[in-house]
Every structure is written in structure tokens, then in C-alpha cells.
Visitor: 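Here it is, the structure in full.
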Amino acid sequence: MPAGLVVLTERRLARRPLDEVIAAAVVGGVRWVVLREKDLPRAERAALAADLRTILTEVGGTLIVAGPDPLNGDAIHLPSAGPYPPPRLGMVGRSCHDGAELHRLTTEDYATLSPVHPTRTKPGYGPPLHPHGLRELIRQSPVPVLALGGVETPQQVTACVEAGAVGVAVLGAVMRAEDPTEAAATLTEAFNEAAAALNRNHRGRL
């Protein structure tokens with residue numbers, strides 16, 4: 001199940017070739033990557049998927065492919081629009097933005113909720129949920145939730161964890177970074193510290 005820091009790809013924002021950015025992010029602790037790049041021809045996208053899987057497999061990580069075609073893998077992430085029901089694969093995620101979309105989930109393994117904050121990648125996309133809206137929707141979700149959209153700082157990561165997200169999905173924070181390893185490590189550390197604090201508080205209430 002995706003958890004911790006999850007990186008979404010966008011080669012047009014990346015400061016280096018995409019495989020180099022992902023390799024650097026992996027050094028920074030990333031173990032989950034969602035391959036977007038839907039505009040590429042299938043053969044080219046499948047080759048890129050194979051390269052990224054190799055990078056992730058070496059550290060026990062997982063590549064998730066956006067769209068219904070797993071590109072020879074076993075994990076996909078579907079848009080809120082469909083298809084319904086989802087294909088039967090090893091792992092299936094779904095993009096959601098409100099309670100109605102969460103209630104349409106059937107056999108999906110996880111969902112993303114977005115946008116948490118205004119995002120430079122999709123300006124005008126929203127309205128943003130902010131942490132309080134994220135918390136309310138997570139309470140309604142039948143599956144674990146990744147927070148997505150405009151999350152770029154450790155403080156924002158912490159707020160998402162405190163709202164109940166099992167992971168935080170980022171795009172620009174890593175793709176635009178001059179040092180993807182440092183960016184990934186900083187956000188991963190924030191996630192781990194926030195998750196550990198929640199676990200301590202939970203144990204203290206038992």
C-alpha cells in the first residue's frame with residue numbers, strides 16, 4: 001500500500017532526465033512513484049516504465065502507472081472519471097476530490113484526495129481542501145488516503161499526516177528541485193517524524 005512520500009512524475013518540469021530525478025529521489029528515501037507522462041506513445045512510455053521499475057525494484061520500491069494500462073506492471077492509478085468498476089490488478093488507486101467520488105469507490109486499494117493546497121502544476125484547480133477539509137474527507141473514505149496537491153514544505157506534510165493521510169503525494173517539490181535527493185529526504189523525514197508522533201500519542205491514549 002502506498003505510504004510515506006509518493007512522487008508523481010512530470011518530465012517537462014524536471015531539471016534533469018526523469019530517470020535521474022527518480023534515482024535521486026530514491027536515494028532520498030522515496031519508495032513509491034506514480035508514472036504520468038500520458039502524452040508519450042505507449043512504446044516510449046512502456047520503456048520509461050521499465051527503467052523506473054528497475055530503479056525502484058533495487059530498493060524494494062513500487063512503480064504505479066497512471067491510467068488503466070499497467071505497462072507490463074501490476075499497479076495503476078485511475079482518474080475519478082473511470083473506468084468503473086476498476087480493472088482487477090495487483091494494486092489499484094483512484095483520484096478523488098470530494099465525498100461523492102469517495103462513495104463511488106468499490107475495489108480500489110487506496111485513493112488520492114486533491115488538491116490540498118493551490119498548486120503551481122495545475123493553477124486554478126480546486127477549490128483547495130486545506131488540512132481541515134482533508135481531515136473530513138479522510139473520515140468518509142473507505143480506503144487509505146494519500147494527500148495530493150500543492151504540498152511542498154515539511155510543515156504541509158506534517159499537517160497532512162495529522163489529518164489522517166497515510167502518504168503524501170508530491171510532484172513539483174521533487175520535479176522542480178535543484179537537488180531531488182535533498183528535497184525527497186527533507187519531506188520524507190517530516191512524514192516519518194509526524195507519523196511517529198501520532199503513533200506515540202495513540203499509544204499514550206491506550
Side-chain angles (χ1 to χ4, degrees), residues 1-10 25-26 28-36 56 61-64 66 75-80 86 91-105 107-122 125-175 177 183-205:
M1 188 64 57
L5 190 69
V6 180
V7 172
L8 280 67
T9 71
E10 176 50 82
V26 163
V30 169
R31 296 296 180 266
W32 295 90
V33 173
V34 178
L35 174 63
R36 296 169 75 247
L56 287 159
T62 302
L63 181 71
I64 301 169
I76 57 173
H77 186 87
L78 300 172
S80 57
M91 183 188 308
V92 178
R94 174 86 67 183
S95 294
C96 294
H97 312 88
D98 55 35
E101 291 177 352
L102 286 172
H103 294 152
R104 291 180 67 186
L105 297 174
T107 59
E108 290 87 348
D109 298 290
Y110 73 92
T112 58
L113 278 170
S114 65
V116 179
H117 299 286
T119 169
R120 287 186 288 166
T121 304
K122 292 184 177 181
Y125 182 62
L129 298 170
H130 300 294
H132 64 276
L134 176 66
R135 182 187 301 274
E136 290 304 313
L137 287 176
I138 286 174
R139 288 173 177 166
Q140 300 176 37
S141 178
V143 296
V145 165
L146 306 178
L148 168 65
V151 179
E152 297 188 352
T153 69
Q155 293 77 16
Q156 290 172 328
V157 169
T158 298
C160 290
V161 175
E162 292 174 346
V166 300
V168 178
V170 302
L171 192 156
V174 171
M175 293 294 112
T186 298
L187 298 180
T188 296
E189 181 180 9
F191 181 93
N192 291 341
E193 289 180 354
L198 277 183
N199 288 335
R200 288 194 298 271
N201 291 339
H202 178 70
R203 288 196 300 269
R205 292 194 296 267

Visitor: Output yes when a side-chain donor or acceptor of R31 lies under 3.5 Å from a complementary backbone atom of V26, and no otherwise.
Guide: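 Checked: pair present.
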Visitor: Show your reasoning for whether side chain to side chain contact (heavy atoms under 4.5 Å, CB included) applies to Q140 and H103.
Guide: CA-CA 8 Å; Q140 300 176 37; H103 294 152; 3.8 Å; yes
Visitor: Rounded to the nearest 0.5 Å, how far apart are CD1 of I76 and CG of L63?
Guide: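 Between atom CD1 of I76 and atom CG of L63 there are 12.5 Å.
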Visitor: Could you tell me whether the side chain of V92 reaches within less than 4.5 Å of the side chain of T107, counting heavy atoms only?
Guide: no
Visitor: Assess whether side chain to side chain contact (heavy atoms under 4.5 Å, CB included) is satisfied between V116 and L148, documenting all intermediate values.
Guide: CA-CA 6 Å; V116 179; L148 168 65; 5.7 Å; no
Visitor: As an exercise, state the distance from CZ of R104 to OG of S80, rounded to the nearest 0.5 Å.
Guide: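 If we round to the nearest 0.5 Å, R104:CZ and S80:OG are 7.5 Å apart.
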Visitor: Shortest non-hydrogen contact from E152 to A173?
Guide: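 Looking at all heavy atoms of both residues, the shortest contact is CA-CB, 4.0 Å.
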Visitor: Can you check whether P79's main-chain N or O pairs, donor with acceptor, with R94's side chain at less than 3.5 Å?
Guide: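 Flag set: sc R94 to bb P79 pair under 3.5 Å.
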Visitor: Do P131 and H117 have side chains that approach each other closer than 4.5 Å (heavy atoms only, starting at C-beta)?
Guide: yes
Visitor: Of all the heavy-atom pairs spanning A190 and T158, show the shortest one and how long it is.
Guide: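 Closest approach of A190 to T158, heavy atoms only: O-OG1, 4.1 Å.
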Visitor: Which heavy atom of L8 sits nearest to which heavy atom of A169, and what is that distance?
Guide: CD1-CB, 3.5 Å
Visitor: In the structure I gave you, are the side-chain heavy atoms of V6 and Y110 within less than 4.5 Å of one another anywhere?
Guide: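 Heavy-atom side-chain distance check fails, nothing below 4.5 Å.
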Visitor: Does any part of the side chain of L137, heavy atoms only, come nearer than 4.5 Å to the side chain of L102, both counted from C-beta?
Guide: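 Answer yes - side chains close enough.
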Visitor: Just how far is it from atom CH2 of W32 to atom CG of L5, taken to the nearest 0.5 Å?
Guide: 13.0 Å
Visitor: Which heavy atom of G28 sits nearest to which heavy atom of T188, and what is that distance?
Guide: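 It is O-OG1, 3.8 Å.
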Visitor: Under a 4.5 Å cut-off applied to non-hydrogen side-chain atoms, are V170 and V7 in contact?
Guide: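 The answer is yes; the side chains approach within 4.5 Å.
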Visitor: Return the CG to CG distance between D98 and L113, rounded to the nearest 0.5 Å.
Guide: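 The CG atom of L113 is 9.0 Å from CG of D98, to the nearest 0.5 Å.
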Visitor: Given side chains that start at C-beta, do those of L146 and V166 come closer than 4.5 Å, heavy atoms only?
Guide: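 Yes, side chains in contact.
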Visitor: Could you work out, with side chain to side chain contact (heavy atoms under 4.5 Å, CB included) as the rule, every residue matching R139, not counting sequence neighbours?
Guide: R135, E136
Visitor: What closest approach, in Å, do H97 and S114 show between heavy atoms, and which atom pair accounts for it?
Guide: CD2-O, 3.2 Å
Visitor: What distance do T9 atom OG1 and L171 atom CG have between them, rounded to the nearest 0.5 Å?
Guide: 7.0 Å
Visitor: Measure the NE2-OG1 distance between H77 and T112 for me, rounded to the nearest 0.5 Å.
Guide: 3.5 Å
Visitor: What heavy-atom pair brings G150 and T119 nearest, and what distance separates the two atoms?
Guide: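 Nearest pair, atom of G150 first, then T119: N-CB, 3.7 Å.
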